Amino acid sequence: MKRAFFERPVLEVARDLVGCTVRHDNAAGVIVETEAYHDSEPACHAFVGLTPRTATLFEPPGRAYVYRSYGVHAMLNAVAEPEGVGAAVLIRALEPVAGIDAMRERRGLDRLEDLCSGPGRLTQALGIGLDLNGTDLLTGPIRVEPRAPGWRERVLATAPRVGITKAVELPWRFTAEGSRFVSRPRPRAGALA
DNA sequence: CATGGGATTGACT
DNA sequence: GTCAATCCCATGC
């Protein structure tokens, strides 16, 4: 993955990350669902400006923004756009492709579809914790790798983002159409990107 | 310094 | 479908 990939409009990065691979600690999955967040809209953490919590979002593109959700779960984002712009792509679901036994162990579950089909689930499956906030996705412990041949053809669906209360109308969620590894709620077929 | 609210999940009715 | 868990941090007094 090249640095320039992340230094682009966050909607483009969100779309193009579907089909790429996330790897950590000998486990990996192909991204099947993303959401875009940008400091110009109130659902984004960076909307409030530069604070200790949001600092990573304004850092150079290609870094990991990892934060705690509901006091329980770790959420993994890829920082996008030039340094100084608060924007990131939330990785919401993966199709497991490597280290599946390790994932099952960390999740305490067997079903392949339950391992990484949600933002809190995939961080647990990959062993990604808050300590990795700010690390580099090109050189650090978490790696994002380009699409394998064939994923270019995959059809994307757009939908409203999940679990937010502001800017709910923006269709900034992207899913690999028909994938059984997408998190709930599964978007209706038809709204193609 | 007190308070409220999550970019969720899993267990339970 | 409903609901609690759990904790950091932004905000307001």
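Quick caveat: nothing in here was measured; it's all calculated off a predicted structure. Residue numbers start from 1 in every chain, and the chains themselves are labelled A, B, ... in the order their sequence lines are given, proteins ahead of strands.
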Whichever of A/Glu35 and A/Arg107 has the more 5' nearest nucleotide on DNA chain B, that residue is A/Glu35
Closest of B/dG6, B/dA7, B/dT9 to the A/His73 side chain is B/dT9
* Asked: If we require ring centres under 5.5 Å and near-parallel planes under 30°, does A/Tyr70 stack on C/dA5?
  -> no
query: Just wondering, do A/Phe181 and A/Leu112 contact through their side chains at under 4.5 Å, heavy atoms?
result: yes
Below 4.0 Å: OP1/OP2 of B/dT8 and any side-chain N or O of A/Arg92 = yes
Result for 5'-nearest mapping on DNA chain C, choosing between A/Thr54 and A/Gly71, is A/Gly71
**Study point:** Pair A/Arg143 + A/Glu145, salt bridge at N-O below 4.0 Å
**Key:** no
From CG of A/Leu130 across to P of B/dT8 the rounded distance in Å is 15 Å
Worksheet item: For A/Arg161, which contact category applies under a 4.0 Å heavy-atom criterion: base, sugar-phosphate, or nothing?
Response: nothing
*Between A/Gln124 and A/Arg106, is a side chain to side chain donor-acceptor pair (under 3.5 Å) present by the stated rule, with each step listed?*
CA-CA 6 Å; A/Gln124 185 185 23; A/Arg106 282 189 281 247; over 6 Å; no
In whole angstroms, the gap separating P of B/dT9 from CZ of A/Arg184 amounts to 10 Å
Whole-Å distance, A/Arg173 CZ to B/dT8 P, equals 10 Å
request  = Could you give the distance separating C/dC8 and B/dG10 at their C1' atoms, to the nearest angstrom?
outcome  = 22 Å
DNA chain B in dot-bracket form (Watson-Crick or G-U pairs under 3.5 Å, [ ] crossing, | inter-strand) is ||||||.|||||.
*Do A/Ser179 and A/Glu95 have side-chain N/O donor and acceptor atoms under 3.5 Å apart?*
no
Within the 4.0 Å heavy-atom criterion, would you say A/Val48 contacts the bases, only the backbone, or no part of the nucleic acid?
sugar-phosphate
- Just by modelled atom types, is the A/Phe174 backbone N or O under 3.5 Å from a matching donor or acceptor in the A/Arg92 side chain? no
When rounded to whole Å, the CG to P distance for the pair A/Asp114 and B/dG10 reads 8 Å
Residue pairs meeting ring pair (Phe, Tyr, Trp, His ring centres under 6.0 Å), one or both in residues 14-38 of chain A, sequence neighbours left out, come to none
From the candidates B/dT9, C/dA5, C/dC7, the one with an atom nearest any side-chain atom of A/Arg68 is C/dC7
>> Less than 4.0 angstrom between a side-chain N/O of A/Thr51 and OP1 or OP2 of C/dA10, yes or no?
In response: yes
Whole-Å distance, A/His45 NE2 to B/dT8 P, equals 9 Å
Against the side chain of A/Arg121, the closest entry in C/dT6, B/dT9, B/dT8 is B/dT9
Original post:
What nucleic acid atoms does A/Ile164 come within less than 4.0 Å of, heavy atoms only: base, sugar-phosphate, or nothing?
Top reply: sugar-phosphate
When rounded to whole Å, the OH to P distance for the pair A/Tyr37 and B/dG6 reads 12 Å
With a 4.5 Å limit on heavy-atom distance, are the side chains of A/Phe5 and A/Pro61 in contact? no
A/Leu50 CG to C/dA10 P, in whole Å, measures 10 Å
Return a table of donor-acceptor pairs under 3.5 angstrom between the side chains of residues 67-87 of chain A and protein atoms on other chains or two or more places apart.
unit_1: A/Arg68; atom_1: NH1; unit_2: A/Val72; atom_2: O; d: 3.3
unit_1: A/Asn77; atom_1: ND2; unit_2: A/Tyr65; atom_2: O; d: 3.2
unit_1: A/Glu81; atom_1: OE2; unit_2: A/Val10; atom_2: N; d: 2.7

Separation of C/dA10 atom P from A/Phe47 atom CZ, nearest Å, is 15 Å
